[in-house]
Amino acid sequence: MAAEQPQPAGSKPLSGLLSGIAQAAYYGHAGVTEELLRGQLYPEAAPHEFRALLAKMSGVLKSVASADMDLNQLEAFLTAQTKKQGGIAADQAAVIAEFWKNHRTKIRESLINQSRWDNTLKNVNWRVDLKSQSRHIDQINTPVAIVEMELGKDGQASEFLCLEFDEAKVNQMLKKLSEIEESIKALTQTT
């Protein structure tokens, strides 16, 4: 196994800039500002030059992250970016490739967590009971499904939702779940 080659001196600020962009955009660290990055990494750069570099690197990182590029896709994308008018330099492409190789999993997990609505379904428990009391005599001894869902976010207290379904509501729910399953299958099948 070959040892990793040391980064050229000019690549450290760019690597730091990519880390700062990731901190602000994907890891939720609001304290990472344009001023902080410029002051720490490119203090000699004029504000408009730094802003242009920041925008370019943010755009490249956003493209790479939103497509969740594997290493082959990344190589093709970066090669195209180096040949494009106003694109990136080859040494910048190398730094971006190294950064993505080291941060892909964490950025992907962050994007998935950011795309979740609110709570997620953590657990489902169910049982079937017979009604022993009811306002209407014809509903006694009819089966009902009791469904308890645990909802929450990782690291936070869960909420519990308890639902009661008669046979008609169970059938309605199963029909809707089948429709959801078909939609998911249609979207995930490759042609």
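Sequence positions, counted from 1, serve as the residue numbers for this chain.
Between T79 and T82 the shortest heavy-atom distance is O-OG1, 2.7 Å. Nearest heavy atoms, V32 versus A24: O-CB, 3.8 Å. For the residue pair L53 and Y42, the shortest heavy atom distance occurs at CD2-CZ, 3.7 Å. Contact record, S15 with V95: N-CG1, 3.8 Å, taken as the closest heavy-atom pair. When all heavy atoms of L37 and G20 are compared, the closest pair comes out as CD2-CA, 3.8 Å. In terms of heavy-atom proximity, L74 sits nearest to A97 at CD2-CA, 3.7 Å.
No chain of hydrophobic side-chain contacts below 4.5 Å, direct or via other Ile, Leu, Val, Met, Phe, Trp or Tyr residues, connects F165 to F160. A continuous path of hydrophobic side-chain contacts links L177 to V124 [ILVMFWY only; heavy atoms under 4.5 Å].
Remark: side-chain polar atoms of R127 are not paired, donor with acceptor, to backbone N or O of V147 under 3.5 angstrom. Side-chain N or O atoms of D68 include none that pairs as donor or acceptor with a backbone N or O of V64 at under 3.5 Å. A donor-acceptor contact shorter than 3.5 Å links the side chain of W100 to the backbone of M69.
Counting heavy atoms from C-beta outward, L121 and E150 have side chains that stay 4.5 Å or more apart. Counting heavy atoms from C-beta on, the side chains of I184 and I180 come closer than 4.5 Å. Counting heavy atoms from C-beta outward, M57 and Q92 have side chains that approach closer than 4.5 Å.
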Practice prompt. In sequence, state the C-alpha distance, the side-chain angles, and the governing distance for D70 and R104, and then conclude on salt bridge (Lys or Arg N to Asp or Glu O under 4.0 Å).
Written response: CA-CA 9 Å; D70 63 27; R104 177 183 182 195; over 6 Å; no
Item to complete: May I have the step-by-step check of side-chain contact (heavy atoms from CB on, under 4.5 Å) for R51 and R38, ending in yes or no?
Response: CA-CA 9 Å; R51 200 169 292 119; R38 186 168 84 74; over 6 Å; no
Worksheet item: Checking side-chain contact (heavy atoms from CB on, under 4.5 Å) for the pair E44/F50: CA distance, chi angles, key distance, verdict?
Response: CA-CA 9 Å; E44 296 86 30; F50 178 75; over 6 Å; no
Item to complete: Step by step, work out the side-chain contact (heavy atoms from CB on, under 4.5 Å) result for L130 and T142.
Response: CA-CA 5 Å; L130 290 176; T142 58; over 6 Å; no
Discussion item. Please determine whether side-chain contact (heavy atoms from CB on, under 4.5 Å) holds for the pair E148 and L161, giving the CA-CA distance in whole Å, both sets of side-chain angles, and the decisive distance to 0.1 Å.
Written reply: CA-CA 6 Å; E148 184 181 79; L161 177 63; over 6 Å; no
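For the pair K106 and Y27, the distance from NZ or CZ to the six-membered ring centre is under 6.0 Å and the angle to the ring normal is within 45 degrees.
Atom CG of N171 is separated from atom NZ of K169 by 11.5 Å, given to the nearest 0.5 angstrom. Q81 contributes atom CD, which lies 9.0 Å from atom NZ of K56 (distance to the nearest 0.5 angstrom). If you take NZ on K83 and CG on L78, they are separated by 12.5 Å, rounding to the nearest 0.5 Å. Here N102 contributes atom CG and I107 contributes atom CD1; the two are 10.5 Å apart, rounded to the nearest 0.5 Å. One distance of note links OG of S66 with CG of L61; it measures 9.5 Å at 0.5 Å rounding. Note that CG of L163 is 4.5 Å distant from CE of M149, once rounded to the nearest 0.5 Å.
For E75, the CD atom sits in a loose shell: 12 or fewer heavy atoms of surrounding residues, nucleotides or ligands are nearer than 6.0 Å. Other residues, nucleotides and ligands place more than 12 heavy atoms under 6.0 Å from the CD atom of Q73.
In the hydrophobic clustering, where aliphatic and aromatic side chains (Ile, Leu, Val, Met, Phe, Trp, Tyr) are joined below 4.5 Å either directly or transitively, I146 groups with V144.
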